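Structure first, then comments.
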Amino acid sequence: MVAGVVDAFRARGRKIVGPCRAAAQLEGSKVFAKNFFVKSKIPTAEYVIVEDAAGARNAVDRFGFPVVLKADGLAAGKGVVIAHDRAEAEAALATLQGRLVVEEFLTGEEVSFIALCDGRDVLPLDPTQDHKAVFDGDAGPNTGGMGAYCDSAILTAAESREILERVIYPTVEATGYTGFLYAGMMMTADGPKVLEFNVRLGDPETQPLMHRMASDFVPALVAAAEGRLGSAKLEWRAGPSVCVVLASGGYPGTYESGRPITGLDSAEALGATVFHAGTRQGPRGIETAGGRVLGVTAGADDLETAIGRAYRAAREIRFEGMHYRGDIGRKGLERYNKKNVGT
Ligand code: AMP
Ligand code: GLY
């Protein structure tokens, strides 16, 4: 999309769901996105754009710790470092090259809010929550996403409306945005703020979304491509769904591929859907071929049961070096339990 695939399809009169090259800059360049948020009065973290390490050190002094450093361009989910002290900031500056966004660290609940847009109308998908850090308890470096869950209860109706009114509609109005608009949100004490935009469905958010989607996706996609999204609808299953990502040893650093995978059939026999990401057909069956290898996804009437089902299925699967987080959906569950105790 950043290279212009949507523009090329349209120039040939073909249907496609996605943003044009110009709008894809909202994901392709963090600097472009931040400038757009400010121009369009979309709430986001305070930031400074810096051209080199010296500029970055000044900005870090201004914000204090923790501080967030972001590489400008596409980085497969690995261009963001949260530095907790000067040593971590220096280590980040040694790896993140070129222009950077340095920004204030926000706290709150993180939510992935994804909407299908046709340049005028908007069809929001149910909210999801990703787990970006590699280890349990949000420890370790950021990844593309180690697991996600989808549940309408992640946001109240008022919170969803606020994100639509303050983030999604202003973007569609300002850019005539088409395709999936993914707003990575932090629900802060001062209201929802944008962490980032992606111009596509998220990975692994899409796996639990697909698991909960009760209606046929294709008519909604065709309506979006034809600019008549106003007439489209999506139905969702009532209960939540959970996706646990099984990753290769070493990921998000360097990892090896070509490890044979066993247990895929037994995982599915337990009622899970196993989405393939980094796999390929090897000489002796399916083997690993990427950092994030599989997304083991299951649903239930309640979050605790859905988590249990996803993990039971994940434990059937084996490959050398395999690792995964053990706490996908757990924070959500604690939040729900607290709410229930309070009422
Ligand atoms: P991004 O690619 O900008 O979404 O950053 C990746 C991840 O880093 C986010 O999903 C957050 O978990 C975290 N992050 C990014 N920006 C901030 C911020 N300003 N404050 C706190 N966490 C952040
Ligand atoms: N899960 C975040 C992303 O797809 O970028």
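All of these numbers come straight from a predicted model, not from anything done at the bench.
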Under 4.5 Å between any side-chain heavy atoms of [X] and [Y], yes or no?
X	Y	value
Val81	Glu88	no
Asn35	Tyr47	yes
Gln25	Val2	yes
Arg292	Pro204	yes
Val222	Arg228	yes
Val199	Phe180	no
Leu125	Leu201	yes
Lys132	Met146	no

State, to 0.1 Å, how close [X] and [Y] come at their nearest heavy-atom pair, and which atoms those are.
X	Y	answer
Asp327	His131	O-NE2, 4.0 Å
Cys150	Arg212	SG-NH1, 3.3 Å
Cys20	Thr178	N-OG1, 4.4 Å
Met213	Arg237	O-NH2, 3.5 Å
Pro208	Cys243	CD-CB, 3.6 Å
Ala45	Leu106	CB-CD1, 3.7 Å

Please report the interatomic distance [atom1]([X]) to [atom2]([Y]), rounded to the nearest 0.5 Å.
X	Y	atom1	atom2	result
Glu103	Lys30	CD	NZ	8.0 Å
Leu195	Thr188	CG	OG1	10.0 Å
Ile154	Thr128	CD1	OG1	6.0 Å
Leu221	Lys15	CG	NZ	12.0 Å
Ser241	Asp151	OG	CG	8.0 Å
Ile307	Arg312	CD1	CZ	12.0 Å

Does the distance from a Lys or Arg side-chain N to an Asp or Glu carboxylate O, for Asp138 and Lys331, drop under 4.0 Å?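 Answer for the salt bridge query: yes.
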Between [X] and [Y], does any side-chain donor sit less than 3.5 Å from a side-chain acceptor?
X	Y	answer
Lys34	Thr44	yes
Glu109	Gln129	yes
Tyr177	Asp118	no
Asp130	Tyr149	no

Working for ring-ring contact (aromatic ring centres under 6.0 Å, His included), residues Phe37 and Phe197: CA-CA 10 Å; Phe37 298 150; Phe197 270 179; 4.9 Å; yes
Hphob cluster co-occupancy, [X] + [Y], side-chain heavy atoms under 4.5 angstrom:
X	Y	answer
Ile42	Leu155	yes
Phe32	Val38	no
Leu26	Ile16	yes
Val245	Met210	no
Val172	Leu164	yes

Kindly say whether [Y] contributes a backbone atom to a donor-acceptor pair with the side chain of [X] at under 3.5 angstrom?
X	Y	result
Arg12	Ala8	yes
Arg166	Lys41	no
Asp72	Val31	yes
Asn198	Arg200	no
His323	Ser248	yes
Ser160	Ala157	no
Thr288	Arg259	yes
Ser40	Phe36	yes
Glu196	Gly184	no
Thr95	Ala92	yes

Before giving the answer on salt bridge (charged side-chain N to carboxylate O under 4.0 Å, His left out), spell out for Arg57 and Asp52 the whole-Å C-alpha distance, their side-chain angles and the decisive distance to 0.1 Å. CA-CA 9 Å; Arg57 287 188 189 100; Asp52 53 27; over 6 Å; no
Residues in salt bridge (Lys or Arg N to Asp or Glu O under 4.0 Å) with Arg21, at least two apart?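 Partners of Arg21 under the salt bridge (Lys or Arg N to Asp or Glu O under 4.0 Å) test: none.
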Anything under 3.5 Å between a donor and an acceptor, one on a side chain of residues 110-117, the other on a protein residue two or more places apart or in another chain? List them.
| from | atom 1 | to | atom 2 | distance (Å) |
| --- | --- | --- | --- | --- |
| Ser112 | OG | Tyr182 | OH | 3.2 |
| Ser112 | OG | Glu205 | OE2 | 2.7 |

Just do the side chain to side chain contact (heavy atoms under 4.5 Å, CB included) check on Val167 and Leu181 with the steps written out, would you? CA-CA 10 Å; Val167 178; Leu181 180 60; 5.9 Å; no
Using a 6.0 Å cut-off, check whether atom [atom1] of [X] has over 12 heavy atoms from anything other than its own residue.
X	atom1	value
Phe63	CZ	yes
Arg318	CZ	no
Asp302	CG	yes
Glu256	CD	no

Can you check side chain to side chain contact (heavy atoms under 4.5 Å, CB included) on Tyr169 and Val122, steps first, answer last? CA-CA 8 Å; Tyr169 281 117; Val122 164; 3.7 Å; yes
Would you mind writing out the side-chain donor-acceptor pairs for residues 260-268 within the sub-3.5 Å range, not counting sequence neighbours?
| from | atom 1 | to | atom 2 | distance (Å) |
| --- | --- | --- | --- | --- |
| Glu268 | OE2 | Val274 | N | 2.7 |

Report the C-alpha distance between Glu165 and Arg161 in whole Å, list the side-chain angles of each, state the deciding distance to 0.1 Å, and finish with yes or no for side chain to side chain contact (heavy atoms under 4.5 Å, CB included). CA-CA 6 Å; Glu165 279 166 12; Arg161 213 173 318 117; 3.6 Å; yes
Checking side chain to side chain contact (heavy atoms under 4.5 Å, CB included) for the pair Phe65/Arg86: CA distance, chi angles, key distance, verdict? CA-CA 8 Å; Phe65 296 101; Arg86 198 158 300 277; 4.0 Å; yes
